[in-house]
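This is a predicted model, so every value here is computed, not measured.
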Amino acid sequence: MKVSLALLVMAGVAGLDAPAPQVVAPPKTDGVVPVKAPNKPMYTTYFYTAREAIIHGYEADTKVRVVSLEKRGTIWEGVVGPGDTRVVQTGQGVFGFIADKKATILVGTPTSCTVVGYYLKDQNGSFKSNRFFAQLPTGAGGEQHFVVWAYESSFVELFKKGERKPFKSAELPAGGFLDLTGQELGSLGGSTLEIKATGKGVSAQVYYDEGFMVPADNGRGSGKRFLTYVGTITERVNDLNIIAQGMDAKVTVRDLKSKKVLFEGPVKKGQLHTLTLSGVFAEVTSDVPVNVVVAGFKHYQAGYAEHHFQTGLEGSGIENDFLVTTSGELWLFSYFSDNALTVENAQTGEAVFKGTVNAGQVRGLTPGFGLFRVKGSKGLSVMGGASSCGADYSPAGSMFAVDEALFEVIAQVREERVKAAQAQGRTLSTADLEAPLTKEEWDRKAPSVAPAAARPMTLDEVNERAAEMQNH
């Protein structure tokens with residue numbers, strides 16, 4: 001389906017307003033050209049899901065629309081506030097997300113098939129934060145865990161939605177964790193929790209099965225230090241995979257309870273090392289950035305039901321170079337047009353796919369079990385797994401911070417264009433004002449966007465993303 005979110009809006013789909021044209025006022029007699037500032041950006045993105053999406057609100061009166069690209073219309077519209085969750089039964093496919101404030105999107109089968117595992121993300125797309133909201137799955141009471149991880153010392157409080165007094169709190173040292181399991185976790189099934197933390201923030205892990213990416217201590221999916229619980233669900237063991245994407249890595253894995261070193265050694269560039277563990281609270285450290293995934297690879301292989309997004313070395317999840325494990329299937333989702341993709345088996349070098357996809361398109365592949373290298377000419381996200389049971393936060397939220405930085409850049413560039421026209425004694429036309437950024441303009445402004453973007457964005461990507469924002 002080659003339908004962009006911008007085209008849906010411009011076509012006047014029910015429930016979506018057409019973009020208001022930018023206005024350049026006639027020049028005043030003193031030669032000053034007053035220019036209407038760009039409209040406030042809407043947070044717009046795409047996401048892919050196997051069955052449903054949970055929208056988590058973080059700010060008051062956040063207006064949200066979920067749009068089906070296949071049906072060319074709004075399938076859900078509503079308002080969420082801090083801690084509010086809305087389960088949208090989307091069905092399988094690609095959907096547009098439009099909101100006037102930031103929110104998070106949990107996709108897959110988080111309520112309909114709750115043997116899932118994932119880490120929470122905040123409204124800025126970070127795995128590390130001072131504040132999270134989570135709607136816990138149902139069905140806990142045995143081997144499931146909800147773990148709050150402190151990379152640095154932090155005082156952590158857990159609240160039930162709407163309550164002012166925490167039901168659980170702890171002073172955690174660096175490398176410490178707060179673990180809810182058994183009857184205590186079972187009593188919270190289906191509840192919405194708020195997690196607050198002091199200091200530099202914490203991460204929070206929902207473990208109801210394996211099949212998830214582990215974030216690093218920088219809040220991204222790639223780094224040098226990781227904390228995770230490797231559990232026992234299914235057959236009493238799970239696989240911990242350390243993936244060396246960019247260069248050879250020297251890796252150490254420790255059991256945080258026993259203090260025992262479980263592995264110390266090299267992981268070759270382009271390969272992974274797997275440890276099959278059982279009920280271990282683990283720390284992974286590396287001398288260079290790596291990725292860590294808890295998913296079947298050695299003990300469980302083909303056909304294991306799980307879904308997990310992967311990141312590249314930049315760690316945002318919307319990148320152009322990935323090494324991803326899968327138990328059978330891959331889903332490649334492009335955020336930009338004319339994205340040239342290649343997929344090959346990382347262990348055999350065998351070519352799996354070569355083709356071009358556009359913004360808002362997903363390409364499903366069935367390469368079978370293994371480790372695969374996925375590359376794109378522009379930003380995309382990659383999900384590995386099999387079947388239709390799993391959950392993870394969409395990488396789409398990582399674009400929101402980029403949008404905010406780009407919006408500031410657009411405003412600055414337009415102001416500069418007006419001043420340049422004034423200096424030349426001419427009136428700036430609407431077309432010239434709203435023209436795409438030039439290479440010279442982007443070269444000057446790129447450093448201000450770089451911290452949010454995680455990876456260098458091309459001029460084509462920037463102008464496509466800027467146009468997407470301004471069309472809502």
I'd like to know if R225 and E283 make a salt bridge, using a cut-off of under 4.0 Å between side-chain N and carboxylate O. yes

Partners passing salt bridge (charged side-chain N to carboxylate O under 4.0 Å, His left out) against E152 (at least two apart in sequence or in another chain): K128

Taking atom OG1 of T276 and atom CD of E235, what is their separation to the nearest 0.5 Å? 11.5 Å

Is there a side-chain contact between K200 and D217 (heavy atoms, below 4.5 Å)? no

From M399 CE over to Y46 OH, what is the distance, rounded to the nearest 0.5 angstrom? 10.5 Å

Separation of L332 CG from F372 CZ (nearest 0.5 Å): 11.0 Å

Do Y118 and F212 make the cut of ring centroids closer than 6.0 angstrom? no

Side chains of H307 and D392: closer than 4.5 Å at any heavy-atom pair? no

Taking NZ, NE, NH1 and NH2 as the nitrogens, is one of them in K161 or D84 under 4.0 Å from a carboxylate oxygen of the other? yes

Are V374 and L380 side-chain neighbours, meaning at least one heavy-atom pair lies under 4.5 Å? yes

Least distance between heavy atoms, F336 atom then E461 atom: CE2-O, 3.4 Å

Test ring pair (Phe, Tyr, Trp, His ring centres under 6.0 Å) applied to F309 - qualifying residues, sequence neighbours left out: none

Assess the side chains of Q92 and S388: does a donor N or O sit below 3.5 Å from an acceptor N or O? no

Does either side chain, that of T104 or that of Y58, offer a donor lying less than 3.5 Å from an acceptor on the other one? no

If we count only N and O atoms by modelled type, under 3.5 Å, do the side chains of D239 and Y304 hold a donor and an acceptor together? no

Between OG1 on residue T458 and CZ on residue R465, distance to nearest 0.5 Å: 13.0 Å

Would you say CD of E350 has more than 12 non-hydrogen atoms from neighbouring residues, nucleotides or ligands within 6.0 angstrom? no

Does a sphere of radius 6.0 Å around CD in Q183 hold more than 12 heavy atoms from other residues, nucleotides or ligands, not counting ones at 6.0 Å or beyond? no

